[in-house]
Protein chains: 2
Amino acid sequence: MKDTDDKLISRNMKPTAMRELVLDALLEQNVAVSLSDLEKKFDRADKVTLYRTLKTFEENKLIHSIDDGTGSVKYALCAENCQCNPHDLHVHFFCTKCKRTYCLNDTPIPSVTLPLNFEIKTINMVVKGTCANCKE
Amino acid sequence: MKDTDDKLISRNMKPTAMRELVLDALLEQNVAVSLSDLEKKFDRADKVTLYRTLKTFEENKLIHSIDDGTGSVKYALCAENCQCNPHDLHVHFFCTKCKRTYCLNDTPIPSVTLPLNFEIKTINMVVKGTCANCKE
DNA sequence: ATAACTTTGCAACTCGGTTGCATAAACTTT
DNA sequence: AAAGTTTATGCAACCGAGTTGCAAAGTTAT
Ligand SMILES: [Mn+2]
Ligand SMILES: [Mn+2]
Ligand SMILES: [Zn+2]
Ligand SMILES: [Zn+2]
């Protein structure tokens with residue numbers, strides 16, 4: 001029984017072939033991936049199946065989605081025991097050179113004081129610039 | 001000579017009828033508006049013209065665009081002497097009840113420490129929750 | 001083996017944004 | 001004022017990301 005199977009089962013998903021492939025792809029990346037990235041990687045797989053795989057992963061908190069402002073949503077693995085609560089939130093970084101989107105897992109989102117009677121539920125914070133790989 | 005004309009001229013745009021209408025619409029709002037908001041408001045106007053009007057406004061730094069994660073870009077007036085530099089950046093707030101997007105002009109984006117060799121160029125920070133109007 | 005449920009594949013569609021191109025309007029030059 | 005040049009507008013058509021419906025294939029339970 002594969003390692004990925006355990007991960008899927010522990011998050012209450014059946015370990016189908018497609019799901020293993022996608023999870024493997026996510027595991028071997030250190031950056032977030034989009035649906036179209038996956039389409040390119042698995043050119044035999046159907047877009048909708050990949051789409052629904054990602055949705056299923058997200059619903060079951062195996063991955064979280066990132067809106068980095070590029071127009072295509074990115075996905076990245078959640079930490080082992082992540083429940084996608086506010087305190088699990090972290091900053092994301094989009095490199096304008098290599099177009100890669102990083103989870104800055106060790107960079108929690110700084111707190112912000114809002115105007116009176118505004119109540120915060122969640123925050124999306126995306127820093128843009130150049131990543132370490134692209135430095136000069 | 002209208003007030004809006006001055007604004008347009010001072011930002012190097014010719015004060016056409018269309019531009020005056022759109023600028024008026026932006027001035028009378030205290031929340032950010034999307035292209036489709038404008039389409040609804042001016043149902044006789046062409047979508048592309050509105051689109052290009054917003055683009056022109058943005059290029060000339062009369063307005064700035066906001067990606068609030070809803071899938072449709074919002075626009076709001078810049079402050080009088082705004083040059084859209086990093087220090088002009090502020091937090092935006094999206095109310096999940098009324099779906100309105102606010103400029104929190106008095107809430108600068110808090111600074112964030114990045115991993116080694118990551119260089120920041122700009123930041124997008126969108127807080128989601130309920131606004132003062134929607135408070136219980 | 002049959003029935004019930006889940007996953008996958010294909011087609012088709014929505015929606016926001018964008019481009020090309022022709023017309024109309026506004027300035028410039030003679 | 002007429003002709004030429006630039007700029008703005010309107011319409012059609014397109015694009016990519018995301019999404020839905022539905023039928024076929026695969027799985028699990030009875
Ligand atoms: Mn992340
Ligand atoms: Mn703003
Ligand atoms: Zn990079
Ligand atoms: Zn509200």
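Because the structure is predicted, anything quoted here is derived from the model rather than measured. Lettering of chains follows the sequences in order, A, B, ..., and the numbering in each one begins at 1.
Between A:L54 atom CG and C:dT8 atom C1' the separation is 15 Å, expressed in whole Å. Remark: C1' of C:dA26 and CE of B:M18 are 17 Å apart, rounded to the nearest angstrom. B:M13 has its CE atom 18 Å from the C1' atom of C:dC27, to the nearest Å. Separating the CD atom of A:E39 from the C1' atom of D:dT19 is a distance of 13 Å, rounded to the nearest angstrom. For the pair A:E20 CD and D:dG26 P, the interatomic distance rounds to 16 Å; values are reported in whole Å. Note: CG (B:D46) to P (C:dA24) measures 15 Å, nearest angstrom. In this structure, B:L35 atom CG and C:dT19 atom P are separated by 14 Å, rounded to whole Å. What separates CZ of B:R44 from P of D:dT9 is a distance of 14 Å, to the nearest Å.
A residue-by-residue look at B:V48 and A:S36 shows that B:V48 has its nearest nucleotide of DNA chain D further toward the 5' end.
Picking from C:dT8, D:dT9, D:dT19 the nucleotide with the shortest atom distance to the side chain of A:R19 gives C:dT8. Considering only side-chain atoms of A:V73, the nucleotide from D:dG10, D:dG18, C:dA11 that sits closest is D:dG18. Here the side chain of A:R52 is nearest to one of C:dG16, D:dT19, C:dG9, namely C:dG9. If you check C:dT18, D:dA8, D:dT19 against the side chain of B:T16, the one that comes closest is D:dA8. Listed nucleotides: C:dG16, D:dA17, C:dG20. Nearest to the side chain of B:S72: C:dG16. Nearest to the side-chain atoms of A:Y51 among the listed nucleotides D:dT20, D:dC11, D:dA8 stands D:dT20.
Among the protein residues, B:K14 comes within range of the sugar-phosphate backbone only, with heavy atoms under 4.0 Å from sugar or phosphate atoms but none that close to a base.
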Run the numbers on A:K41 and A:E28 for salt bridge (Lys or Arg N to Asp or Glu O under 4.0 Å), then give the verdict.
CA-CA 12 Å; A:K41 187 166 181 87; A:E28 76 188 22; 2.8 Å; yes
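For the pair B:F118/A:Y102, a side-chain contact is recorded, criterion being any heavy-atom separation below 4.5 Å from C-beta on.
Residue A:K55 places at least one side-chain N or O closer than 4.0 Å to OP1 or OP2 of D:dT19.
Between the side chains of A:E58 and A:S65, at least one donor N or O sits under 3.5 Å from an acceptor N or O.
Under the side-chain contact (heavy atoms from CB on, under 4.5 Å) test applied with B:V112, the options A:I109, A:V127, A:L104 reduce to a single match, A:V127.
With hydrogens and angles left out, the side chain of A:K47 and the base of D:dG18 share a donor-acceptor pair within 3.5 Å.
The CZ atom of A:R44 sits 11.5 Å away from the CG atom of A:D46 when rounded to the nearest 0.5 Å.
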